[in-house]
Amino acid sequence: MLKPDDRLAIFLHNGLKGAKGKTGISLLRYSRNEIVAVIDETAVGESVKALTGIDRAVPVVKSVEEAIALNPTVLAIGLAPSGGVLPEPWYAEVKQAVKAGLSVMNGLHTQMNEDLEIKSSIHPNRWVWDIRQEPKGLTVGGGRARLLECDRILTVGTDMAIGKMSTSLELVRASKERGVKAKFIATGQTGLMLGEDGVALDAVKVDYAAGAVEQSVLRCGNNYDALFVEGQGSLLNPGSTATLPLLRGTQPTRLILVHKAGLTHLQHFPDFQIPPLRKVVELYESVAYAGGTFSATPVSGIALNTFGLNEKEARCAIAVASEETGLPCTDVVRFGAEPLLASILDER
């Protein structure tokens, strides 16, 4: 739906400084579309670069009304509030945007096209895209991706929301710079909002989840040398159900383990401890292999999210993780993905 000439305003109240703005931050970092405004009432007039480290000159405004004056064509919902529902004052701003003639990219569980007020307010040649929808015609997984000749690299994690999508995107970027024909497969709403192929996995019934991933991989696999599949969730997290369907649907040839530096316990479950990284590597390789039912799949490297550390601290944390696991390690956003890509290509 999104066209190359669309101009985005990112709806991100409390997201530039809070923990619920992952989608909006990713759009700022990776969107190929022009971004004309960030809407965040807690950061008006502040620098996007200072707050996020992303070198993108975008004004931060207080409201949708102020953003409209900057001539966006699309309002992108960049928030993931608890329960997937916007507070009523924010939802009223979304309705204001639709009435003013903007399209809306909605990655929330709320289906805005079912709201009669919104539906009746959409202007001609505009749209409201509810991204979290189950594709039609899904079947259960059948392990068919194993027959593809392309490499299939899946990011897995020690926890949720620690950088699996960014890692996959940076690996695609580095692959293309090397001349490798590579493609990113999105499995969440943010990747789809970036215009990538894939499926919103958390909108799919669990019985069809592996099949939905398999369908996306099969659709692209014959046209590329390498598919980098965005990971979701974590085998360690008691609330996560997405990682196993990704392992089975992708039938990966390589895994990249993503971890946040300094994270010793699950972020939303502090009673649960994260094991040493070498143990997590063993866990993922064991589950992928399933005792020999599937092909052996090595973890090829560690993508360490060092956000919040200075450069010296970050490089020290990277060295420690590499020494502990015996695997190459880097922060792909700060220092590039080349060490991980080199390991993947060498193994290939």
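One is the number of the first residue; the rest follow in order along the sequence. Values below: all heavy atoms of this structure, side chains included; hydrogens, waters and symmetry mates excluded.
When the side-chain contact (heavy atoms from CB on, under 4.5 Å) test is applied to Ala317, the partners found at least two apart in sequence or on another chain are Ala261, Leu304, Leu309. Qualifying side-chain contact (heavy atoms from CB on, under 4.5 Å) partners for Asp115, counting only residues two or more places apart in sequence or in other chains: Tyr91, Lys95, Glu117, Ile118. When the salt bridge (Lys or Arg N to Asp or Glu O under 4.0 Å) test is applied to Lys312, no partner is found at least two apart in sequence or on another chain. Residues passing the side-chain hydrogen bond (donor to acceptor under 3.5 Å, both in side chains) test with Glu311 are Arg315, sequence neighbours excluded. With sequence neighbours left out, Gln215 forms a side-chain contact (heavy atoms from CB on, under 4.5 Å) with Leu138, Arg219. Evaluation of the side-chain hydrogen bond (donor to acceptor under 3.5 Å, both in side chains) rule for Tyr30 yields Glu170 as partners, not counting sequence neighbours. Not counting sequence neighbours, the partners of Thr23 by the side-chain contact (heavy atoms from CB on, under 4.5 Å) test are Leu27, Gln189, Thr190, Met193. Applying the salt bridge (Lys or Arg N to Asp or Glu O under 4.0 Å) criterion to Glu338, with sequence neighbours excluded, gives Arg178.
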Check residues 204-211 and write down every donor-acceptor pair under 3.5 Å in which the side-chain atom is one partner and the other belongs to a residue at least two apart or another chain.
residue: Lys205; atom: NZ; partner: Glu134; partner atom: OE1; Å: 3.2

Which atom pairs, donor and acceptor, lie under 3.5 Å between side-chain atoms of residues 262-279 and protein residues at least two apart or in another chain?
residue: Gln267; atom: NE2; partner: Asp159; partner atom: OD2; Å: 3.2
residue: Gln267; atom: NE2; partner: Met160; partner atom: O; Å: 2.8

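Environment of CG in Asn125: sparse, with no more than 12 heavy atoms of neighbouring residues, nucleotides or ligands closer than 6.0 Å.
In this structure, the side chains of Thr155 and Leu257 stay at 4.5 Å or more apart for every pair of heavy atoms. Looking at heavy atoms from C-beta onward, Leu102 lies out of side-chain contact with His123 at the 4.5 angstrom threshold.
Listed by first and then second residue, the salt bridge (charged side-chain N to carboxylate O under 4.0 Å, His left out) pairs that reach into residues 26-35 are Arg32-Glu196, sequence neighbours excluded. Residues in residues 42-56 take part in these side chain to side chain donor-acceptor pair (under 3.5 Å) pairs, two or more places apart or across chains: Lys17-Glu46, Asp40-Thr42.
Between the side chains of Glu230 and Ser168, no donor-acceptor pair is found at a separation under 3.5 Å. There is a side-chain donor-acceptor pair under 3.5 Å between Thr306 and Arg334.
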Handout entry: Asp130 and Asn113: CA distance, side-chain angles, deciding distance, side-chain hydrogen bond (donor to acceptor under 3.5 Å, both in side chains) verdict
Key = CA-CA 7 Å; Asp130 293 322; Asn113 276 296; 3.0 Å; yes
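Here the CD1 atom belonging to Ile39 is positioned 7.5 Å from the OG atom belonging to Ser63, to the nearest 0.5 angstrom.
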